[in-house]
Amino acid sequence: MDYLPLFLKLKGRPALVVGAGEVAARKARRLLEGGLSLSVVAPAISPSMQDAARAGDCAIKQRPFTPADLSGMALVVAATDDPAVNRRIAEQCAALDIPVNVVDEPDRGNVIFPSLIERAPIRIAISTDGVSPLLSRLLKSHLAGCIPAAYATLAGLAARYRPKVKARFAEPRERRRFWDKVLRGRVADQVFAGRLPQAEAELQALLNAGNGAANTGEIYLVGSGPGDPDLLTIKALRLMQQADVVLYDRLVSDSILKLLRDDVEKIYAGKERARHAMPQERINALLVRFAQEGRKVLRLKGGDPFVFGRGGEEIETLMERNIPFQVVPGITAALGCASYAGIPLTHRDHAQACIFVTGHLKDGSVRLDWEMLARPSQTLVFYMGLVGLETICAELVRHGLPPQTPAALVMRGTLPDQRVLLGDLSSLAALTSDCEVSPPTLLMVGEVVRLHDKLQWYGVDRNVEAGV
Ligand code: SAH
């Protein structure tokens with residue numbers, strides 16, 4: 001990180017803007033909003049600067065800049081239209097250890113102004129480390145659309161009730177639980193609907209009732225998709241951000257875990273083939289315990305929870321105990337890998353059916369209905385098929401599929417380092433011994449695999465390792 005993001009209180013401190021054109025005026029406005037005591041030095045003063053100066057404590061000095069102007073400044077903005085002058089100011093500031101922003105050449109200084117989304121007292125600052133202010137602005141308009149203006153009202157309400165809530169709940173965790181109920185429940189709904197008095201009445205009622213009885217936990221059984229965080233559903237993302245505690249599997253990618261709140265408790269529940277970091281019974285017991293403590297528990301799984309994900313087993317326990325839960329589907333590996341490898345699962349010319357099958361049975365064997373699997377005109381997708389790869393290919397051939405039937409191993413599908421290993425039923429197993437296989441891997445078998453050559457689009461510059 002080149003720039004440390006922080007909000008600094010500089011109210012009343014002296015700041016200097018050198019230059020008085022349009023850009024300088026924009027910076028002056030921002031500094032005056034922050035309550036700084038501003039001086040502007042420039043030989044010519046634009047009308048926008050004259051206008052900006054009226055917004056706060058601002059002294060305009062219509063004359064050329066001199067190094068003496070820097071004396072005692074807490075912050076300087078070099079915003080003249082002469083890059084050489086701006087650079088000189090930046091050097092002088094550096095020598096005096098004064099933070100300085102240089103317009104158009106942020107690298108010359110050490111301060112950048114982020115794009116701001118204002119929902120006072122909420123402020124969201126966006127920076128690209130000075131690389132692309134335009135991108136910051138685009139992101140700003142994108143994000144601003146998702147953040148209703150009523151958040152400002154909600155924050156105002158929270159500010160007014162903060163002392164009362166603090167007095168009512170001594171424990172930080174209790175306070176958080178209370179605010180959680182306020183900010184995600186009916187109080188917030190009323191604010192967003194523009195009914196502030198009702199919102200306030202609800203809040204007061206909640207405060208009187210305390211956290212006690214109404215406080216029930218809930219489990220969110222959420223599919224996180226095959227790895228690319230952009231493939232999360234909106235609901236998955238919302239629940240991820242609401243959870244107090246998360247139990248996640250090995251398949252949940254790092255970039256998805258980064259989307260969790262910083263303060264959330266994260267518990268690794270493992271799930272590696274033949275080496276479960278945590279037995280299923282223990283996972284079930286933990287889910288029940290956390291929910292009974294009134295916590296919102298995110299059970300985060302790779303792909304879809306109901307596709308080779310044991311989601312069914314987990315909610316069975318919750319149902320027995322009457323624990324509320326929601327299930328959120330995710331994009332299963334077969335769909336993610338098919339799309340990102342350019343291998344359609346069905347195709348009018350090649351495959352009229354598609355079968356998802358596990359290559360790894362509960363007892364470790366690969367006993368499957370080979371007659372059914374070896375039929376023509378269908379696509380087979382084997383989950384957990386790497387260990388049994390040789391057996392799978394051999395059995396399919398033994399039961400009638402031509403040895404030249406194309407087959408692909410999609411490794412780390414949808415992730416930035418996705419790779420696709422192409423072969424056929426007679427060659428694929430041998431090919432895996434010649435290259436490093438990075439899990440997780442999905443085996444796809446059928447004529448549609450041939451389409452990869454034509455349809456591959458993701459990471460095309462580093463993809464194919466062998467030809468069919
Ligand atoms: N519930 C998950 C599957 C869990 S079983 C889902 O719906 O996707 C674990 C198997 O899924 C792995 O052995 C592998 O075969 C497959 N898998 C999961 N993510 C994958 C990925 N990103 N790339 C390739 N295979 C993946």
Side-chain angles (χ1 to χ4, degrees), residues 220-233 236 247-257 268-278 280 283 298-315 327-343 345 354-362 364 366 368 373 379-393 407-422 428-429 432 435-445 449 452 456 458-459 463 465:
Y220 312 132
L221 179 59
V222 173
S224 71
D228 179 353
D230 280 1
L231 295 180
L232 281 168
T233 61
L247 266 86
Y248 65 97
D249 284 352
R250 180 183 56 95
L251 280 177
V252 178
S253 71
D254 289 344
S255 39
I256 284 174
L257 291 175
Y268 175 64
K271 282 283 163 66
E272 258 167 289
R273 203 189 52 76
R275 189 168 69 83
H276 288 188
M278 203 185 271
Q280 189 64 46
I283 295 175
L298 177 71
R299 177 71 181 106
L300 196 56
K301 292 183 159 277
D304 180 272
F306 280 4
V307 179
F308 306 122
R310 303 179 82 170
E313 295 167 47
E314 287 177 19
I315 62 170
V327 184
V328 181
I331 291 186
T332 189
L335 302 186
C337 292
S339 292
Y340 280 52
I343 301 176
L345 292 172
C354 168
I355 300 174
F356 296 176
V357 54
T358 169
H360 175 75
L361 299 188
K362 221 170 173 178
V366 198
L368 293 166
L373 294 175
T379 305
L380 305 176
V381 182
F382 288 88
Y383 287 68
M384 297 166 278
L386 185 62
V387 169
L389 180 64
E390 209 173 332
T391 317
I392 292 169
C393 293
L409 208 54
V410 182
M411 306 175 226
R412 300 181 57 74
T414 81
L415 291 160
D417 55 349
Q418 166 182 300
R419 284 187 299 147
V420 181
L421 184 66
L422 291 174
L428 195 63
T432 57
C435 80
E436 201 174 308
V437 175
S438 29
T441 60
L442 197 76
L443 170 63
M444 303 178 77
V445 179
V449 170
H452 167 84
Q456 60 174 317
Y458 182 68
N463 215 344
E465 301 207 347

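Everything numeric in this text was worked out from a predicted model, so none of it was measured. Just so you know, ligand 1 is whichever comes first in the structure, and atom 1 is the first atom listed for that ligand.
- Remark: ligand 1 atoms within the under-4.0 Å shell around heavy atoms of Cys337 are 23 (N), 24 (C).
- Close N/O approach between Thr414 and ligand 1 is not found [any backbone or side-chain N/O within under 3.5 Å].
- Checked by distance only, ligand 1 and Gly413 come closer than 3.5 Å through their nitrogen or oxygen atoms.
- Remark: ligand 1 atoms within the under-4.0 Å shell around heavy atoms of Asp304 are 1 (N), 6 (C), 7 (O).
- For the pair Phe306/Ile315, a side-chain contact is recorded, criterion being any heavy-atom separation below 4.5 Å from C-beta on.
- The backbone N or O of Leu247 lies less than 3.5 Å from a partner atom in the side chain of Arg299, making a donor-acceptor pair.
- Nearest protein heavy-atom contact of atom 24 (C) of ligand 1 is Pro440 O, 3.3 Å.
- Residue Phe382 has no N or O atom closer than 3.5 Å to an N or O atom of ligand 1.
- Applying the side chain to side chain contact (heavy atoms under 4.5 Å, CB included) test between Tyr383 and each of Leu443, Val357, Val307 identifies Val307 as the sole match.
- Near Gly302, with a cut-off below 4.0 Å to any heavy atom, the atoms of ligand 1 are 1 (N), 2 (C), 6 (C).
- Against a heavy-atom cut-off of under 4.0 Å, Pro226 is close to the following atoms of ligand 1: 22 (N).
- The Val410 neighbourhood of ligand 1 comprises atoms 24 (C), with distances under 4.0 Å to a heavy atom of that residue.
- Listed by atom number, the atoms of ligand 1 under 4.0 Å from Ala333 heavy atoms are 6 (C), 7 (O), 8 (O), 16 (C), 17 (N), 18 (C), 19 (N), 20 (C), 26 (C).
- Heavy atoms of Lys301 come nearer than 4.0 angstrom to ligand 1 in no pair at all.
- Residue contact check: Leu442 has heavy atoms under 4.0 Å from atoms 15 (O), 16 (C), 24 (C), 25 (N) of ligand 1.
- Looking only at atom types and distance, the side chain of Asp249 has no donor-acceptor partner in the side chain of Tyr268 under 3.5 Å away.
- Considering backbone and side-chain atoms alike, Leu251 places every N or O at 3.5 Å or more from each N or O of ligand 1.
- Within the listing of ligand 1, atoms 6 (C), 7 (O), 8 (O) sit less than 4.0 angstrom from a heavy atom of Thr332.
- Side chains of Leu373 and Phe382 form a contact here, defined as non-hydrogen atoms less than 4.5 Å apart.
- Side-chain atoms of Thr332 do not come within 3.5 Å of backbone N or O of Gly303 as any donor-acceptor pair.
- Considering backbone and side-chain atoms together, Tyr383 places no N or O closer than 3.5 Å to any N or O of ligand 1.
- Counting heavy atoms closer than 4.0 Å to ligand 1, residue Gln418 contributes nothing at all.
- Checking only distances, Ile331 never comes within under 3.5 Å of ligand 1, N or O to N or O.
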